[in-house]
Trainee: 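Just dropping this structure here.
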Protein chains: 2
Amino acid sequence: MTLDNLLKTLHTAKCRMTSQRRTIIDVLLANENTLLSADHLLKLCQQKNPDINTTTVYRNLELLDALKLMYTVNIDRNTMGYKLVCHDYHHHHMICLICGKMEAIEYCPISPDLIDQATARGFSITNHNLELYGYCHTCHTDLL
Amino acid sequence: MTLDNLLKTLHTAKCRMTSQRRTIIDVLLANENTLLSADHLLKLCQQKNPDINTTTVYRNLELLDALKLMYTVNIDRNTMGYKLVCHDYHHHHMICLICGKMEAIEYCPISPDLIDQATARGFSITNHNLELYGYCHTCHTDLL
DNA sequence: CTATAAATGCAAATGACTGGCAATAAGGAG
DNA sequence: CTCCTTATTGCCAGTCATTTGCATTTATAG
């Protein structure tokens, strides 16, 4: 996701560029390979711009999500992880259980064959998810 | 999952069998192919035994989870779905977006090859998830 | 039968997130 | 540049699923 793309999409949607929104976008771009909780994102934003509020962060995440610019997954039982979508084509991710770093896997296991099997059993499949969890190199080294 | 198995595991863990716990287990067994929210489970339990409390349901779900007897997935942004684990061997599920019915898929796409790719990129994978979402036959028919 | 440790119920707390509303400010029109 | 419309923000109170503290009850080993 490029800054240009983001700005263009926001402009088309008649959204205005406030300093808060700009900070949030900058931080999201700087962390485009990491799943951030709303709280973590807020803290990172406040380092750049103390005038930023929890509600504002949530509302911007909601906006970006509505514009299909966000990827969200549950980090744990009750917290969502947010990041900008990274490519246009369908793919999955590996996620570090410690730092939240994500890397794309250019692979989707959902073959037509699997869909057919599901259909044969009366299920019409609309979507799916697949995530690999583990430890990234940095965090794995820290564990030892 | 059989009742016998459950009772045995609970006994080994020095857990006591109360009427509330028994009701919860019965309802979970009767719905072993359906993802239930805590609230839905509570309501089903109360039909059998009005003397049952939200906290008790949560505490029993937590216990069964700690004993590795539960399977949990997020139903939506802020609600967990719970069901008993169903087999001993590794597999995945199709989940109905409307009624929560789940069916096992005897298939796991995570090949040694994929793990190798991840390793080559510095990730050590510990686990993964895969769920197919869609509509089961009954709910799909109802939609039309 | 009794002691003890597990389990329950209640009410209050938590924590992520949302909504109402008044105040502020972006940015296009003129 | 100024004005006006309307998006956006901040604050605060509210939700909703889930958890915790604590006093009370109850299962079960001995």
Side-chain angles (χ1 to χ4, degrees), chain A residues 6-28 35-46 48-67 69-70 72-83 100, chain B residues 6-28 35-46 48-67 69-70 72-83 100:
Chain A
L6 279 167
L7 297 184
K8 207 166 294 174
T9 310
L10 286 169
H11 191 258
T12 311
K14 298 194 207 309
C15 299
R16 295 175 185 172
M17 188 50 57
T18 63
S19 73
Q20 292 92 330
R21 176 163 296 160
R22 187 53 204 261
T23 305
I24 292 168
I25 286 174
D26 286 345
V27 172
L28 284 173
L35 262 191
L36 298 176
S37 67
D39 192 57
H40 190 184
L41 175 58
L42 173 68
K43 292 210 164 56
L44 291 175
C45 289
Q46 286 177 330
K48 295 196 156 204
N49 178 353
D51 287 342
I52 207 160
N53 180 282
T54 311
T55 312
T56 304
V57 166
Y58 278 109
R59 278 199 275 238
N60 275 283
L61 287 173
E62 186 189 15
L63 172 70
L64 294 172
D65 192 54
L67 296 173
L69 297 171
M70 293 299 295
T72 60
V73 216
N74 272 86
I75 290 181
D76 63 42
R77 232 181 177 63
N78 60 338
T79 311
M80 285 305 256
Y82 305 86
K83 76 185 276 295
Chain B
L6 279 167
L7 298 184
K8 207 165 295 175
T9 309
L10 286 169
H11 190 258
T12 311
K14 298 196 207 309
C15 299
R16 296 175 184 171
M17 188 49 57
T18 63
S19 73
Q20 293 92 331
R21 175 162 297 160
R22 188 52 205 264
T23 306
I24 292 168
I25 287 173
D26 286 345
V27 172
L28 285 172
L35 262 191
L36 298 176
S37 67
D39 192 57
H40 190 184
L41 175 58
L42 173 68
K43 291 208 166 57
L44 291 174
C45 288
Q46 286 176 331
K48 295 196 156 207
N49 178 353
D51 287 343
I52 209 160
N53 179 282
T54 311
T55 312
T56 304
V57 166
Y58 277 107
R59 278 201 275 238
N60 275 282
L61 288 172
E62 186 190 15
L63 172 71
L64 294 171
D65 192 53
L67 296 173
L69 297 171
M70 292 299 295
T72 60
V73 215
N74 272 84
I75 291 180
D76 63 43
R77 229 183 176 63
N78 61 340
T79 312
M80 285 303 257
Y82 305 87
K83 76 183 276 295

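We name chains A, B, ... by the order of the sequence lines, and we start the count at 1 in each one.
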Trainee: Within less than 4.0 Å of OP1 or OP2 of dG9(C), is there a side-chain N or O belonging to T56(B)?
Mentor: yes
Trainee: Confirm from the modelled atom types if R77(A) and dT18(D) form a donor-acceptor pair under 3.5 Å, side chain to base only.
Mentor: no
Trainee: Taking only N and O in the side chain of H11(B), is any of them less than 4.0 Å away from OP1 or OP2 of dA29(D)?
Mentor: yes
Trainee: Taking L61(B) as the fixed residue, which of T56(B), T72(B), L41(B), L69(B) is the one that meets the side-chain contact (heavy atoms from CB on, under 4.5 Å) rule?
Mentor: L41(B)
Trainee: Report yes if a side-chain nitrogen or oxygen of Y58(A) is closer than 4.0 Å to either non-bridging phosphate oxygen (OP1 or OP2) of dT18(C); otherwise report no.
Mentor: no
Trainee: Under 4.0 Å between a side-chain N/O of T18(B) and OP1 or OP2 of dT26(D), yes or no?
Mentor: no
Trainee: Examine dA25(C): is either OP1 or OP2 under 4.0 Å from a nitrogen or oxygen in the side chain of Q20(A)? Give yes or no.
Mentor: no
Trainee: Atom CG of N49(B) and atom C1' of dG9(C): how far apart are they, to the nearest Å?
Mentor: 13 Å
Trainee: Roughly how many Å is it from CD1 in I52(B) to C1' in dT25(D), rounded to a whole number?
Mentor: 16 Å
Trainee: Atom CE of M17(B) to atom P of dA29(D): distance rounded to whole Å?
Mentor: 12 Å
Trainee: With a 4.0 Å limit, can you tell me whether H40(B) has a side-chain N or O closer than that to the phosphate oxygens OP1/OP2 of dA17(D)?
Mentor: no
Trainee: Does a donor on one side chain sit under 3.5 Å from an acceptor on the other, for T55(A) and N53(A)?
Mentor: yes
Trainee: Does L10(B) reach the side chain of L63(B), with side-chain heavy atoms less than 4.5 Å apart?
Mentor: yes
Trainee: Side-chain N or O of N60(A) less than 4.0 angstrom from OP1 or OP2 on dT8(D)?
Mentor: no
Trainee: dC17(C) phosphate, OP1 or OP2: any side-chain N/O from N78(A) under 4.0 angstrom?
Mentor: no
Trainee: Is R59(A) side chain donor-acceptor paired with the dG10(D) base, going by distance under 3.5 Å alone?
Mentor: yes
Trainee: Hey, does the side chain of R21(A) come within less than 4.0 Å of dA26(C)'s phosphate (OP1/OP2), counting only N and O?
Mentor: no
Trainee: In whole Å, I'd like the distance from the NZ atom of K14(A) to the P atom of dT6(D).
Mentor: 11 Å
